[in-house]
Amino acid sequence: MMLHKVVDPFEQLELIEIFQRLGLSSHFEKEMKRIVDGLYNTDHCGDIWKAENLYATALKFRLLRQYQYSVSQDVFNSFKDERGNFKACLCEDTKCMLSLYEASFHLIEGENILEEAQDFSTKHLEEYINQNKDKNIAAIINHSLELPLHWRMLTASASVVMEPHTRPTNFESFQWCS
């Protein structure tokens with residue numbers, strides 16, 4: 001099976017996200033669960049995710065929480081400045097902002113860091129849309145802002161992800177839509 005052939009844990013998580021966005025996750029649920037279980041039990045993705053890569057940290061956090069694992073919101077502290085705010089430079093990477101936004105909806109009542117993450121990412125994603133940078137990416141962001149990934153029926157999301165395939169986009173880092 002496709003997931004079994006992907007060895008890198010980060011690439012496995014990205015593939016799970018692609019399946020979810022395309023509405024195909026129900027076909028691979030056992031394999032996806034096995035991958036997430038293994039990630040939680042061995043944590044072979046290492047601390048570098050927590051310290052340097054917001055996209056990877058947010059994706060890992062979201063998938064672990066989605067599969068009911070206890071993951072501390074503190075993994076996002078390394079992305080805050082000395083005043084306790086999310087670093088301004090983070091908003092330059094729209095893919096990271098979208099991943100943080102999606103992860104923030106897995107908060108448990110009273111998790112202030114995730115509430116701040118939601119406010120921060122929402123603000124910057126809305127700014128991206130208002131700047132009219134790339135209409136394809138703006139459509140994906142708009143769709144997420146209307147209804148976060150885990151709140152929607154995933155099969156209905158496939159058209160939003162697949163439609164940009166027919167048009168060129170300048171945003172190569174959105175691998176799940178290219």
Set of side chain to side chain contact (heavy atoms under 4.5 Å, CB included) partners for N130, sequence neighbours left out: none
Contacts of D81 meeting salt bridge (Lys or Arg N to Asp or Glu O under 4.0 Å) (sequence neighbours excluded), chain-then-number -> R83
What residues, two or more places apart in sequence or in another chain, satisfy side chain to side chain donor-acceptor pair (under 3.5 Å) together with E29? Y67
Short side-chain donor-acceptor distance under 3.5 Å, D134 and Y128: no
Validation row: E102, S144 side chains within 4.5 angstrom (heavy atoms): yes
Under 4.5 Å between any side-chain heavy atoms of F79 and T57, yes or no? yes
List for me each residue that meets side chain to side chain donor-acceptor pair (under 3.5 Å) alongside S70, sequence neighbours excluded, and say none if there are none. none
List for me each residue that meets side chain to side chain donor-acceptor pair (under 3.5 Å) alongside Q131, sequence neighbours excluded, and say none if there are none. K133
Salt bridge present between E17 and K95 (N-O < 4.0 angstrom): no
Mind checking side chain to side chain donor-acceptor pair (under 3.5 Å) for Q118 and listing every partner two or more places apart, or none if nothing turns up? S104
Side chain to side chain contact (heavy atoms under 4.5 Å, CB included) between V75 and K60, worked out: CA-CA 10 Å; V75 298; K60 178 181 173 184; over 6 Å; no
Pair listing, salt bridge (Lys or Arg N to Asp or Glu O under 4.0 Å) test, anchored in residues 117-128, at least two apart: none
Counterpart residues, side chain to side chain contact (heavy atoms under 4.5 Å, CB included), relative to E116 (two or more places apart): K80, F86, N112
